[in-house]
Amino acid sequence: DPSGFVCAEREGEVIATGSIVNYGNAFGFMGFFIVRPNLRGQGIGRDYWYWLRDTLRKRLTPDAAIGMDGVFNMQPFYAKSGFKFTHRNLRMEGIGQARAVDASLTDLNELPFETISAYDQQHFGFERTVFLKSWSQPKGGLALGILKNSALSGMGIIRPCLNGFKVGPLFADDPDTAEQIFRALSNHAAGQPLFLDIPENNPTAVALAERHGLKEVFGCARMYHGPAPALPWNQIYG
């Protein structure tokens, strides 16, 4: 989204950043809201935040929702601008473990892209074709799916980051399928730091993280401006 990443400048210097990505005109997501530390507390961030929100709203239909993950201590600020809390997202960290990989797993990119996109949309709630085409082919990473009765019943992607590897998305119809996929992705990162962002409102995602020795290192509040999308949270593991 070339217009999705923006900043505030003063005399040619970036003083604040932000992302306002829209998925067509049906959904938007905000993030990367950062103001230079020495300029905080002066109202710059407040004015910039409302500019971010309102600029994104202009790209969407009036009834469209905007999502965000905000640090916990900023929840009151975001609530004043119309965002409502739904659940916590927790960043879990561990070490990738060498595992036996289930033979039923397949390279996600060996499947028709339409199949991948439809399954992703079922769990994300909105179409994101361009993004997904790039995301599902991570350089140095791995993208896996599993078919049951000729239908995709789970998908997971792992990619290298500055420190170790990040898993996401991780969607599965049931806990056993999520376990199969996660074990294979963990194997890809054997011996390396491994990160997984889980929605706390999915107890089976919490249990998966705990089962694999992942510990909470960071967290955010998922909040929505407008109607929160109805998503199958019990199938969202990352």
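All values reported here derive from a predicted model rather than from experimental measurement. Quick note: residue numbers are just sequence positions, from 1.
Between Leu152 and Leu147 there is a side-chain heavy-atom pair separated by less than 4.5 Å. Side chains of Ile20 and Leu52 form a contact here, defined as non-hydrogen atoms less than 4.5 Å apart. Asp69 is listed as a side-chain neighbour of Phe29, based on a closest heavy-atom distance under 4.5 Å. Contact check for Phe218 versus Val71: side-chain heavy atoms found under the 4.5 Å cut-off. Side-chain atoms of Phe33 and Tyr48, non-hydrogen and from C-beta on, do get closer than 4.5 Å to each other. Side-chain contact between Ile66 and Phe83 is present, with heavy atoms from C-beta onward closer than 4.5 Å.
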Trace of the side chain to side chain contact (heavy atoms under 4.5 Å, CB included) decision for Val21 with Phe32: CA-CA 11 Å; Val21 174; Phe32 296 108; over 6 Å; no
Let me see the working for Tyr78 and Trp49 under side chain to side chain contact (heavy atoms under 4.5 Å, CB included), right down to the final yes or no. CA-CA 9 Å; Tyr78 297 130; Trp49 172 259; 3.4 Å; yes
As a quick check of understanding, evaluate side chain to side chain contact (heavy atoms under 4.5 Å, CB included) for Phe171 and Ile181, giving each step before the final call. CA-CA 9 Å; Phe171 304 142; Ile181 296 173; over 6 Å; no
Determine, stepwise, if the pair Thr86 / Asn201 fulfils side chain to side chain contact (heavy atoms under 4.5 Å, CB included). CA-CA 9 Å; Thr86 59; Asn201 59 341; over 6 Å; no
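Using a cut-off of 4.0 Å between Lys/Arg side-chain N and Asp/Glu carboxylate O, Asp174 and Lys148 are scored as salt-bridged. By the 4.0 Å N-to-carboxylate-O rule, Arg128 lies close enough to Asp120 to be salt-bridged with it.
What you find for Ala190 and Ala98 is that their closest heavy atoms are CB-N, 3.7 Å. The shortest heavy-atom contact between Leu185 and Ile157 is CD1-N, 3.9 Å. Across Ser136 and Lys133, no two heavy atoms sit closer than the pair OG-O, 3.4 Å. Heavy-atom minimum distance, Phe165 versus Ala189: CD1-CB, 3.6 Å. Between Ser104 and Gln180, the closest heavy-atom pair is OG-NE2, 3.5 Å. Heavy-atom minimum distance, Arg91 versus Lys166: NH2-NZ, 3.4 Å.
Between the side chain of Asp107 and the backbone N or O of Asn109, at least one donor-acceptor pair lies under 3.5 Å. Remark: the backbone N or O of Ala184 is not paired with any side-chain donor or acceptor of His188 at under 3.5 angstrom. Side chain of Thr55 to main chain of Trp51: a donor-acceptor pair is present (N/O by atom type, distance under 3.5 Å, no hydrogens or angles). Side chain of Gln97 to backbone of Ile95: a donor-acceptor contact under 3.5 angstrom is found. Arg53 places no side-chain N or O within 3.5 Å of a backbone atom of His225 that could act as its donor or acceptor partner. Ser117 places no side-chain N or O within donor-acceptor distance of the main-chain N or O of Thr129, the cut-off being under 3.5 Å. With Arg159 contributing its side chain and Gly168 its backbone, the two residues share a donor-acceptor pair below 3.5 Å.
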Please list every donor-acceptor pair under 3.5 Å in which a side-chain atom of residues 203-214 meets a protein atom from a residue at least two apart or in another chain.
| from | atom 1 | to | atom 2 | distance (Å) |
| --- | --- | --- | --- | --- |
| Thr204 | OG1 | Asn202 | OD1 | 2.5 |
| Thr204 | OG1 | Tyr237 | OH | 3.2 |
| Arg211 | NE | Glu179 | OE1 | 3.2 |
| Arg211 | NH2 | Glu179 | OE1 | 2.7 |
| His212 | ND1 | Arg99 | NH2 | 3.2 |
| His212 | NE2 | Glu179 | OE1 | 3.1 |
| His212 | NE2 | Glu179 | OE2 | 3.1 |

For residues 34-45, which side-chain N or O atoms pair as donor and acceptor with protein atoms under 3.5 Å away, sequence neighbours left out?
| from | atom 1 | to | atom 2 | distance (Å) |
| --- | --- | --- | --- | --- |
| Arg36 | NH1 | Val14 | O | 3.4 |
| Arg40 | NE | Val35 | O | 2.7 |
| Arg40 | NH2 | Val35 | O | 2.7 |
| Gln42 | NE2 | Asn38 | O | 3.4 |

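Using a 4.5 Å cut-off between side-chain heavy atoms of Ile, Leu, Val, Met, Phe, Trp and Tyr, with links allowed through other members, Val101 and Leu196 fall into the same hydrophobic cluster. Phe27 and Met223 are not part of a single hydrophobic cluster, where members link through side-chain heavy atoms under 4.5 Å apart. A single hydrophobic cluster is seen to contain both Ile158 and Ile146, as judged by linkage of ILVMFWY side chains at heavy-atom distances under 4.5 Å, directly or through other members. Hydrophobic cluster membership differs between Val217 and Leu170, with clusters built from Ile, Leu, Val, Met, Phe, Trp and Tyr side chains linked at under 4.5 angstrom. Note: the hydrophobic cluster containing Leu132 also contains Tyr23 (ILVMFWY, side chain heavy atoms under 4.5 Å, direct or indirect links).
Rounded to the nearest 0.5 angstrom, Phe195 CZ and Glu93 CD are separated by 4.0 Å. Note that SG of Cys7 and CD1 of Ile15 are 9.0 Å apart. Values are rounded to the nearest 0.5 Å. Rounded to the nearest 0.5 Å, atoms CD (Glu200) and SG (Cys220) are 12.5 Å apart. Here the straight-line distance linking atom CH2 of Trp135 with atom CG of Leu108 works out to 11.5 Å at 0.5 Å rounding. Taking OG1 from Thr61 and CG from Asn22, the interatomic distance works out to 10.5 Å, rounded to the nearest 0.5 Å. Here the OG1 atom belonging to Thr177 is positioned 9.5 Å from the CD atom belonging to Gln235, to the nearest 0.5 angstrom.
Using bins of under 30°, 30° to 60° and over 60° for the plane-to-plane angle, the ring pair Phe124/Phe126 lands in the perpendicular bin.
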